[in-house]
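Everything on this sheet refers to the single structure shown next.
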Amino acid sequence: MSSPKTKKEVKYVFVTGGVASSLGKGILAASLGKILESRGLSVTLQKIDPYINIDSGTLNPYEHGECFVTEDGAETDLDLGHYERFLGKPTSRGSNFTAGRIYHNLIAQERRGDFLGKTIQVIPHVTNEIKKLIYQLGNQENCDIVITEIGGCVGDIESLPFLEAVRQIRLELGNTSTAFAHLTLVPYLKAVGELKTKPTQQSVKELLSLGIQPDVLVCRCTQELPKEIRQKIALHCNLSLDRVVEAKDTHIIYEVPLALRKEKLDEQILNQLQVSKPKKPDLKLWENFLNRLKNPRENIRIAIVGKYVQLKDAYRSIYESLVHAGAHTKSSVQILWISAEEINTANVEEKLHKAAGILVAPGFGERGLEGKMNAVQYAREQKIPFLGICLGMQCAVVEFARHALKLPQADSTEISPQTPDPVIDIMASQKELENRGGTMRLGAYPCKLQKKTKAFEAYQTSQISERHRHRYEFNTRYAKKFQEAGMKSTGLSPDGRLVEIVEIEDHPWFIGCQFHPEYKSTVEKPHPLFICFVQAAIRQEEIKSITYQQN
Ligand code: GLN
């Protein structure tokens, strides 16, 4: 298969990983993208996941972290969240695909008769389909560089067709249009006081056996890599010394672009790709952000109440949005991770009294729901700033119905289909659907905000667009009752049929949103709802310390 001709020559960088998983390929890809973009190149990022699921929509967050939703409604890997937060521009459906997607496409073609008479094989059919989706993104975005991160570890059976496909891409496009960056681990053995290069050597051998010579090695380590160690790695891995780049652990992921820039990773990649005269990197905004992040004036604690709190990646975008808002407001946000299942009416105060803000997380199903409801009630009655996202908003609505509207059996029909007061109900468009994968209300939808509300105050505009991922919604039959009792629908879909935001007027800051603001917060553009939530928490912290001093 020959490479399709593009208007502008697109170059491809492939990020692979070896030795161990979780070394941070996603952060490496995002950081490299950020540096290259700061040098005037237009970059787009892509993640390949070698598992068989068609997308990450049906994966348990405990196994795979959160599911990140793109503007165009794809349910994708959480690394796309890093890409968007670092580059500040949206990804799309084409930015993530899995082995399952490749086989699904091929089988559909086979059933249609596209291959009549032919045997469909891994090479060339599977590899061709993989290459197609890689080239497609480059052509569609019309960018200078596509950075494709290949999930998993070199040596995994699942990765083989993907590595073979990118080997072929090098063959088709040549050495100066492709670059391979391989991330490995250089462990430090305390007992002998030595950095060990063998795992890196072996990982490169594994890649070589698949026909891929990495152009740059990025070595994750806890100690600085002395020159002799770099020389040893370079010698064993057929590289010049400056192509061995150190990636020492940083405290915060947002330091990685600057650290890699210092190591001249971008120079090495641009030199491989023979990109002539790129401009000097301009990372001023990034540096300002880091400066604010590292020099906070206030300290606040925010509770995240959810059912997957043991695995921080399950709420990664929410966490990062709070980091962005913290830097923006020059405050250090400490997260109190509270398991919803462990909250009950008797201990809610003890669990949440330290928090200056309470965030109830999105989710599905019944587990932990009563605990979330207790957390909402506590925030509402004690007048603690509150942000409820998706299921968190739905809990706020149910709690308000039960305690303020005195409808004790009010519920969401997701939890109790027979409730006499279905204040949260399945959307009409969702009723007939049978398949569970990819069928929710997904992606960006416009929303109109009412003036003189906290939501409007935050966004400073009445036309917004936010991303969704849900099946249930606020039942507008009850809207008037809620309004009269003090919970207002302040954000609606443009046709007025769907309630996207509720807020309580008589409260310092209480907002529930049906959408997911966390998908749109970036380093250089923190999300207005998170900023205002953190600002409200700062005010709450001040009130708390005054009361404490008076007592
Ligand atoms: N389970 C709820 C629904 O489907 C909320 C989903 C979510 O929090 N993302 O509507």
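Note that ligands are numbered from 1 as they come in the structure, with each ligand's atoms numbered from 1 the same way.
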Which pairs would a plain distance check flag for residues 523-538, meaning a side-chain donor or acceptor within less than 3.5 Å of a matching protein atom at least two apart in sequence or in another chain?
{"unit_1": "Glu524", "atom_1": "OE2", "unit_2": "Lys34", "atom_2": "NZ", "d": "3.1"}
{"unit_1": "His527", "atom_1": "ND1", "unit_2": "Leu529", "atom_2": "N", "d": "3.0"}
{"unit_1": "His527", "atom_1": "NE2", "unit_2": "Glu466", "atom_2": "OE2", "d": "2.7"}

Distance-only polar pair, side chains of Asn96 and Asp49, donor-acceptor under 3.5 Å: yes

With Tyr103 via side chain to side chain donor-acceptor pair (under 3.5 Å) - residues at least two apart: none

Residues forming a side chain to side chain donor-acceptor pair (under 3.5 Å) with Lys294, sequence neighbours excluded: Glu255

Arg467: which of Glu518, Glu71, His516 passes side chain to side chain donor-acceptor pair (under 3.5 Å): Glu71

Please tabulate, line by line, the atom pairs linking an N/O of ligand 1 to a protein N/O at a distance below 3.5 Å, with the distance in Å to 0.1, or answer 'none'.
{"unit_1": "ligand 1", "atom_1": "1 (N)", "unit_2": "Gly363", "atom_2": "O", "d": "3.0"}
{"unit_1": "ligand 1", "atom_1": "1 (N)", "unit_2": "Glu414", "atom_2": "OE1", "d": "2.7"}
{"unit_1": "ligand 1", "atom_1": "1 (N)", "unit_2": "Glu414", "atom_2": "OE2", "d": "3.1"}
{"unit_1": "ligand 1", "atom_1": "4 (O)", "unit_2": "Arg471", "atom_2": "N", "d": "2.9"}
{"unit_1": "ligand 1", "atom_1": "8 (O)", "unit_2": "Gly363", "atom_2": "N", "d": "2.9"}
{"unit_1": "ligand 1", "atom_1": "8 (O)", "unit_2": "Gly363", "atom_2": "O", "d": "3.3"}
{"unit_1": "ligand 1", "atom_1": "8 (O)", "unit_2": "Leu391", "atom_2": "N", "d": "2.9"}
{"unit_1": "ligand 1", "atom_1": "9 (N)", "unit_2": "Arg469", "atom_2": "O", "d": "2.9"}
{"unit_1": "ligand 1", "atom_1": "9 (N)", "unit_2": "His516", "atom_2": "NE2", "d": "3.3"}
{"unit_1": "ligand 1", "atom_1": "10 (O)", "unit_2": "Gln394", "atom_2": "NE2", "d": "3.1"}
{"unit_1": "ligand 1", "atom_1": "10 (O)", "unit_2": "Arg471", "atom_2": "N", "d": "3.1"}
{"unit_1": "ligand 1", "atom_1": "10 (O)", "unit_2": "Tyr472", "atom_2": "N", "d": "2.8"}

Check against ring-ring contact (aromatic ring centres under 6.0 Å, His included), His64 and Tyr51: CA-CA 11 Å; His64 217 80; Tyr51 50 74; 4.9 Å; yes

